[in-house]
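Keep in mind that the numbers below use all heavy atoms, side chains included, and drop hydrogens, waters and symmetry copies.
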Amino acid sequence: MKQNREITHPFQLLDEIIAQHTASPLSLNPQKTFATSFVELGNSIAEKTCDIPLINSLSDTLERMLDAMLHNFPENIFWDFDFIVSSMLRQALVAQTSAVSFLESFGDKIVSLMELFGSQSEIRFRYVHDFIFGFDWAKWVQEEPQTRAVIEPFSLTFLDCLISKGTKIIQLIRVGDARYHQLREQCYRNPFCFSREPEDEQRLLTYLAAQQLIPVAAWNWNAQPVWDKPFHQLREQLSLKLNIPKNS
C-alpha cells in the first residue's frame, strides 16, 4: 500500500494506513482507549537512536507488517504496537552493522506469519491478539521453560517456531486431522471452548488486561513479559465468570 510520502513525520504514513482501516485503533491498555500512534512511537525511537538508515528501515518494516496484518486480519480489534516496536529497535541495535538486515528478516517473518495464520489461509484465525499479547509465546515457553524462558516474545527464534507450527497445522488440515479440520467457507477457526465473536473477544481481553493477566503488555514500551501463569486456563475460567457464550 504505497502512498504519497510527502509527509511531515517519517511514521505518519503508518497512522494514515491504519486510519483507512479503522478510524479508532483501540488499545488494550486499561488506562487509555486508543493505541499509541506511530508518530508517537517514532518519537520514542528517535530518543534512542539518530541512525537515519535504521529509522527508515524500521518505518519500512512496520509498513510491511501493518499491511500484512490489515490484509490478513481485517477484523482485529486491538492495535498496540509499543512493545513490538521497542523489541524490534532493541534487537536491531544489538545487531549493530547488521541492523537493517535484521529488520528485513524480521519483516519477512512477520509477513509470513500473517499469511500463514490469517483469514486468507486454510488456518483462518480471526485476530492477531494471541501473538501480539504473548499468549502464543507464554504457551510455548511453558512447554520447555528451562531453555525457552530466556527467549523473547518477538525474537527471530520464536518467530521461526511459529512459522514451523503454522506449516505443520496446514499439513494437518490437508490430511483431514480431527483437531485441525477443513473449515466451511467464511468461518473462522476457534480452538477455544468460548466464543471469540468481536464483542466477546473485546470483553474478555479487556477484563484480563484490567486484572494484569496478559503475558505481554503490548501497549507498554518497557513491558516485562510474563510466561509463568496458567493463561489458557484463566481465559477459560474468566469466560465462564463473564458469561461469554460457549464456542459453537
Relative to each other, are the rings of [X] and [Y] parallel, tilted or perpendicular (30° and 60° limits)?
X: His129; Y: Phe133; result: tilted
X: Phe131; Y: Phe154; result: perpendicular
X: Trp79; Y: His21; result: perpendicular

Practice task
Kindly write out the residues that satisfy side chain to side chain contact (heavy atoms under 4.5 Å, CB included) with Thr157, not counting sequence neighbours, or none if the list is empty.
Solution key: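 Expected list: Ile151, Ser155.
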Contact between [X] and [Y] at the side-chain level, heavy atoms closer than 4.5 Å - yes or no?
X: Phe158; Y: Asp136; value: yes
X: Ile132; Y: Val216; value: no
X: Phe38; Y: Leu66; value: yes
X: Pro198; Y: Tyr127; value: yes

Problem - Distance under 6.0 Å and angle within 45° of ring axis: Arg235 vs Phe192 - result: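 Verdict for Phe192: a cation-pi partner in Arg235.
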Problem - Charged tip of Arg124 within 45° of Tyr188 ring normal and under 6.0 Å - result: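 Yes, Arg124 and Tyr188 form such a contact.
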Handout entry: Ser86 (side chain) donor-acceptor with Trp221 (main chain) under 3.5 angstrom
Key =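 Side chain of Ser86 to backbone of Trp221: a pair is present.
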Problem - Expected output: side-chain Ser195 to main-chain Ile244 donor-acceptor under 3.5 Å - result: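 A pair under 3.5 Å: no.
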Donor-acceptor pair between [X] and [Y] side chains, under 3.5 angstrom:
X: Ser112; Y: Glu115; answer: no
X: Thr36; Y: Asp82; answer: yes
X: Glu16; Y: Gln20; answer: no

Problem - Ion pair check, Glu197 and Arg126, cut-off under 4.0 Å - result: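 Looking at Arg126 together with Glu197, the answer is yes, because their closest N to O distance falls below 4.0 Å.
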Exercise for the section: Give a yes or no on whether a salt bridge exists between Asp130 and Arg196, defined as a side-chain N under 4.0 angstrom from a carboxylate O. Expected result: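 Here Asp130 pairs with Arg196 in a salt bridge, since their nearest N and O are under 4.0 Å apart.
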Handout entry: Of all pairs that satisfy side chain to side chain donor-acceptor pair (under 3.5 Å), the ones with a partner from residues 171-181, not counting sequence neighbours
Key =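 Side chain to side chain donor-acceptor pair (under 3.5 Å) check on residues 171-181 returns Glu122-Arg174.
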Exercise for the section: Evaluate whether atom CD of Glu199 has more than 12 neighbouring non-hydrogen atoms of other residues, nucleotides or ligands under 6.0 angstrom away. Expected result: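 Counting other residues, nucleotides and ligands, CD of Glu199 exceeds 12 neighbours.
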Exercise for the section: Evaluate the criterion side chain to side chain contact (heavy atoms under 4.5 Å, CB included) for residue pair Arg148 and Trp140; output intermediate values, then yes/no. Expected result: CA-CA 8 Å; Arg148 296 177 177 177; Trp140 177 76; 3.2 Å; yes
